[in-house]
Number of protein chains: 2
Amino acid sequence: MDIENAKIPQATAKRLPLYYRFINNLHSQGKMRVSSKELSEAVKVDSATIRRDFSYFGALGKKGYGYNVEYLLSFFRKTLDQDETTNVALIGVGNLGTAFLNYNFTKNNNTKIQIAFDASDDRIGDTVGGVPIKHIDELEEYIDGISVAILTVPAQAAQGIADRLVKANISGVLNFTPARITVPSSVRVHHIDLAVELQALVYFLKHYPLDGELEDEL
Amino acid sequence: MDIENAKIPQATAKRLPLYYRFINNLHSQGKMRVSSKELSEAVKVDSATIRRDFSYFGALGKKGYGYNVEYLLSFFRKTLDQDETTNVALIGVGNLGTAFLNYNFTKNNNTKIQIAFDASDDRIGDTVGGVPIKHIDELEEYIDGISVAILTVPAQAAQGIADRLVKANISGVLNFTPARITVPSSVRVHHIDLAVELQALVYFLKHYPLDGELEDEL
DNA sequence: TTTAGATTGTGAATGATGTAACATTTCCGT
DNA sequence: ACGGAAATGTTACATCATTCACAATCTAAA
């Protein structure tokens, strides 16, 4: 919330978690220093872009030397609020939901899936990836202290559940359903539409020159 | 490949599948006409942006009237090469891979997952969502006629499999692993990194004003 | 047929992002 | 201690994308 961070471009903010993970890798490999050029090859982002991104946070590197891995790491840890974890709920324990629960989010991350909900009676009471599953009817009872929801339910259910999440004071939603949900402007929604991603890739392949293009961020 | 399509901005191209799906919805609801304003509310994209996007394809609408749903639909069907399906392979039938296989991609889409591969012996020979599963060792035998691969394998395996896919003449890869794979510039790669998406959402929540912002595309 | 109302398509303004290029500074071997 | 090599931080530019605002045009109803 400080003034400095308020000015960081969204495109940069989206790359921060990526940088963080690779810096973390370097650190566990015992590497002491890294240049923007090396980092560029690893994360597939132009080195000038990396330097620009880092510069929003001040002078993190040293000219002629590069960046100190340890320092970068501790800086990113602090900046990405690594220590203060955000509590997440997952709604819809289907295939996609299960994938998320099994994904090891606690490692190197500032987020933790605390609880999951599902409509099918079979799964209630189980834990998947260490996360307990409750019935969706009990959403309001258990959602206290949760600020972000991952929505992996069938498309028809999306808006209804979104409404309940809003009432329960959620701050952000990661929406994996094809439905575009409507929420108050105080709630942030990111849409990730798997079918659209695949179709867009196919469209690019058919209509854009294949050669000399760098691969894209999503 | 025609000259007209070559000039369409990438940002627009990414929205086309989204438009297509919603126009399809309208059509099955029996709606005859639609304005950019209505469409805007449904897909959460500014109405001027929608009009601009459509205008790259010529004058699809009529002033004072809006767009004819039937006409729009047939136009998008043609433009997105709805009739000529792209064959897709899925590598890695874990939770995330299974989610993809069960997702109904044949409905309203120009893509079809023809075959899946996995390293675990248990699943070989099964079909999931109508898609047969082969062993990853047999990749090269079965990949003929496949132009796109969905990569849902563990991160360590990603680069090795990418190399094999490139040798097998793949055109595009949808990479769901955290690894950033290296491929020749003739191959298009889109990265979708679930952990990064979640972290980025959390970062935005903590550092950007909550109110008055429109929700984001991913 | 005329008119009021609606909505497109687009020129122009604005904003956001990416990248080339280089002066500046630091490192490090001799 | 010095000079060359290296790599940052940033200025300037180029590109891409979004949005405003409105003339042009159409519909539909009286």
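All chains are named by letter (A, B, ...) in the order of the sequence lines, taking the proteins before the strands, and each is independently numbered beginning at 1. The model shown is predicted, which means the values in this text are computed figures rather than measured ones.
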- B:Arg33 NZ/CZ over B:Tyr65 ring centroid, <6.0 Å and within 45° of normal: yes
- Task: Find the distance A:Arg15:CZ to C:dT19:P and express it as a whole number of Å.
- Result: 9 Å
- Task: Please work out if B:Ser36 contacts a base, only the sugar-phosphate, or nothing of the nucleic acid, heavy-atom cut-off 4.0 Å.
- Result: sugar-phosphate
- Message: Return the CG to CG distance between A:Leu18 and A:Asp53, rounded to the nearest 0.5 Å.
- Response: 10.0 Å
- In whole angstrom, give the distance that lies between atom CD1 of B:Ile8 and atom P of D:dC16. 15 Å
- Message: Is the terminal nitrogen or CZ of A:Arg77 (NZ for Lys, CZ for Arg) located under 6.0 angstrom from the six-membered ring centre of A:Tyr20 and within 45° of that ring's axis?
- Response: no
- Item | Minimum-distance nucleotide (side-chain atoms of B:Arg33 versus D:dT18, D:dA28, C:dT8) | D:dA28
- Ignoring the backbone of B:Thr49, work out which of D:dT19, C:dT17, C:dG18 is nearest its side chain. D:dT19
- Let me know the distance between CG of A:Asn68 and P of D:dA7, rounded to the nearest Å. 15 Å
- Query: Over how many whole Å does the gap from A:Lys63 atom NZ to D:dT8 atom P extend?
  - Reply: 10 Å
- Query: To the nearest angstrom, how far is A:Phe57 atom CZ from D:dT8 atom P?
  - Reply: 17 Å
- Query: Of the nucleotides D:dC20, C:dT26, C:dA21, which has the atom closest to the A:Arg51 side chain?
  - Reply: C:dA21
- Note on the structure: Quick note, A:Tyr65 side chain, CB onward, closest among D:dT18, D:dT8, C:dC28 is C:dC28
- Considering non-hydrogen atoms only, spot the tightest contact between B:Arg51 and B:Ser36 and give its length. NH1-OG, 3.1 Å
- Counting side-chain heavy atoms from CB outward, which of C:dT19, D:dA17, C:dG9 is closest to A:Arg52? C:dT19
- Roughly how many Å is it from NZ in A:Lys37 to C1' in D:dA5, rounded to a whole number? 13 Å
- Tell me: CG of B:Asp46 to C1' of C:dT7, nearest whole Å? 14 Å
- Query: Starting at the 5' end of DNA chain D and moving along, which residue's nearest nucleotide shows up first, A:Val34 or B:Ala48?
  - Reply: A:Val34
- Using a strict 4.0 Å threshold on nitrogen-to-oxygen distance, state whether B:Glu197 and A:Lys14 make a salt bridge. no
- Query: What integer distance in Å separates B:Phe54:CZ from C:dG9:P?
  - Reply: 9 Å
- Query: At under 4.0 Å between heavy atoms, what does B:Tyr67 touch on the DNA or RNA strands: base, sugar-phosphate, or nothing?
  - Reply: sugar-phosphate
- Note on the structure: Ranking D:dA17, C:dG18, C:dT7 by distance to the side chain of B:Ser35, first place goes to C:dT7
- Query: Taking the nucleotide of DNA chain D with the closest heavy atom to each, which residue, A:Glu38 or B:Asp53, is nearer the 5' end?
  - Reply: A:Glu38
